[in-house]
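Here's the structure we're looking at; comments come further down.
Proteins get letters first, then strands, A, B, ... in listed order; numbering begins at 1 in each.
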2 protein chains.
Amino acid sequence: MSQTVDRALSILPLLAQGPADLGQVADRLGVHKSTALRLLRTLHEHGLVYRQEDQRYRLGARLFALAQEAVENLDIREIAHPHLAALNERIGHTVHLAVYEEGEVLYIDKVESRYPVRMYSRIGKPVAITVAAVAKLLLADLPEPERRAVAAKLDYPPYTPRSTPNAAAFLKELATVREQGWATDLGGHEESINCVGAPIRGADGRVVAAMSVSAPNVVVTAEELLTLLPQVRRTADVISREYSGTAPNKDTA
Amino acid sequence: MSQTVDRALSILPLLAQGPADLGQVADRLGVHKSTALRLLRTLHEHGLVYRQEDQRYRLGARLFALAQEAVENLDIREIAHPHLAALNERIGHTVHLAVYEEGEVLYIDKVESRYPVRMYSRIGKPVAITVAAVAKLLLADLPEPERRAVAAKLDYPPYTPRSTPNAAAFLKELATVREQGWATDLGGHEESINCVGAPIRGADGRVVAAMSVSAPNVVVTAEELLTLLPQVRRTADVISREYSGTAPNKDTA
DNA sequence: AATGACTGTTGCACCCTACGCAACGCTTCG
DNA sequence: CGAAGCGTTGCGTAGGGTGCAACAGTCATT
């Protein structure tokens, strides 16, 4: 590993604690001022470090730009798919992946008995947003005002006797989901089909997607399906970690 | 400036565009694979780079954490956000907040339009500096020499027939903006999109940030958008007062 | 004003260290 | 089974990063 780069990168967390001047940086790094100056200059040219008017250094807004761009180019589908396929391999049932976008919930991937079918848009079937497990997970994480607004605008079609009847019941259900960190759909859409789902979170803890496992009553009962919940949650957590880029970072003192 | 660090940091924007393997990184840097490997390893140890299961490299969680801290240091964002949201609530259109840093103008916050037709702007990405209303506001306040220097170095891409054509026209526009205390972008970036913006000032009167309201022609005409100017300016003034009033100044505590 | 102490900055000679090369292990094809 | 692609390792070399010392500002003190 590279000493120079190592020193330069050590400056970043240091500045994250607050602005510092050249002498402070040199001291904390244990190097000569001139060395620290050259490192800071290089960081500066790349916009990672900004020099404020009192000549002290602080983290640059460019860092924010980089992170933002990286998030936009992250493809959850690509990262999640192998894990969804592996889960499907183990338990055999249909696995779904969904995202929330502008008041709608969209399935963006599906693994069904070993045959992956990619659905790039909502073309096909609209998601039953008031009852689907993935929809509950995604809506439960919205900010309070938007959640209420969406819930108020929805229709609540009575697919089955167990379907969510109205906005009040839906919001209550969302509160439960948010509390427990997982969601179900027990015969709310199709009388004979049950689902259990878990959220996938980004680096900031926000829910970026949701996954679920679905199976008909005739194959497994609702209770049996619920025994799979730990596996589903574990898979979702693994995907979350990979999506957010949580590295096994060993701090060198 | 340090060559090694320079190369290492050049990897970051490269990976921001999407995952890449060792060979690709080495090629883009113009260095040997072994060199790229050592740089990536160092970045990895600091958590800035994450290695996914297919061994390709991505930006890592630590970078997101640093970026978070970087924007938190920009307390203007915290202060402004509720006001931007409130303005958005009233008028419905997209609201942006931007700062100037090292020759670049960066969006640091955005509140989405509630209308179905949206413009695609990316917070965190550099702004179209020669035409955007917020860019004009921020550059107009620079000291004369720096303003001329920046204007001279810029490219003036002809996004549309109304785009700023060259440095002379830009400097003239900046003078006008400085005079009147607000700015517009009428189809200078996207033919069908108009913006109107106002500056946010610190305690010393210097412009520390700029905000704007954007809307496509199909929703409101340019004239209608301009009628919102008083509201925009009022919001900017409120933020300015709050910022300069409660500013914890840069004194060493 | 002049002095001193404190910053950030520059030029330079030394020698550390980052470089590219070539060879290796590994998996994936044909 | 060989070939071709990947990532990885060890090593000699020289390029470049390092610390020193001297310089140039700014501010407080005398």
Which nucleotide span of DNA chain C, 5' end to 3' end, has atoms closer than 4.0 Å to non-hydrogen atoms of chain A?
C:dG8 to C:dA18
Does atom CZ of A:Arg90 have more than 12 heavy-atom neighbours from other groups under 6.0 Å away?
yes
Which atoms of nucleotides 19-21 of chain D (N or O only) lie under 3.5 Å from a protein N or O atom, and what are those distances?
residue : atom : partner : partner atom : Å
D:dG19  : OP2  : A:His32 : N            : 3.4
D:dG19  : OP2  : A:Thr35 : OG1          : 2.4
D:dG19  : N7   : A:Ser34 : OG           : 3.0
D:dC20  : N4   : A:Ser34 : OG           : 3.3

Please report, rounded to the nearest Å, how far the P atom of D:dG10 is from the CG atom of B:Leu37.
12 Å
Rounded to whole Å, please give me the gap between CE in B:Met1 and P in D:dG16.
11 Å
Just to verify, what does A:Gln3 make a side-chain hydrogen bond (donor to acceptor under 3.5 Å, both in side chains) with, not counting sequence neighbours?
none
For a side-chain hydrogen bond (donor to acceptor under 3.5 Å, both in side chains) check, start with the C-alpha distance between A:Asp109 and A:His81, then their side-chain angles and the critical distance, and finish with the verdict.
CA-CA 8 Å; A:Asp109 201 1; A:His81 189 81; 2.6 Å; yes
Please compare A:Gln3 and A:Lys33 by the position of their nearest nucleotide in DNA chain D and report the one closer to 5'.
A:Gln3
Does A:Arg201 pair with A:Glu242 as a salt bridge, N-O distance under 4.0 Å?
no
Does the A:Ser244 side chain pair with the main chain of A:Gly202, one donor and one acceptor, at a distance under 3.5 Å?
no
If I take atom CG in residue A:Leu40 and atom P in nucleotide D:dT18, what distance separates them, rounded to the nearest angstrom?
12 Å
In short, salt bridge (Lys or Arg N to Asp or Glu O under 4.0 Å) pairs touching residues 26-46 of chain A with sequence neighbours left out are none
Between the two ends of the helix from C:dA1-D:dT30 to C:dG30-D:dC1, what is the bend in degrees, rounded to 10 degrees, where each end axis spans five pairs?
30°
Salt-bridged, B:Lys136 to B:Glu179, with N to O below 4.0 Å?
no
Kindly say whether A:Asp6 contributes a backbone atom to a donor-acceptor pair with the side chain of B:Thr42 at under 3.5 angstrom?
no
With a non-hydrogen cut-off below 4.0 angstrom, is A:Arg41 in contact with a base, only sugar-phosphate, or nothing?
sugar-phosphate
Can you sort out the partners of A:Thr227 under side-chain hydrogen bond (donor to acceptor under 3.5 Å, both in side chains), two or more places apart, ordered by chain and number?
none
Any salt bridge between A:Arg206 and A:Asp204, counting N to O under 4.0 Å?
no
Sidechain-backbone polar pair: B:Ser212 side chain, B:Cys195 backbone, donor-acceptor under 3.5 Å
no
Between D:dG17 (C1') and B:Asp6 (CG): distance, integer Å:
14 Å
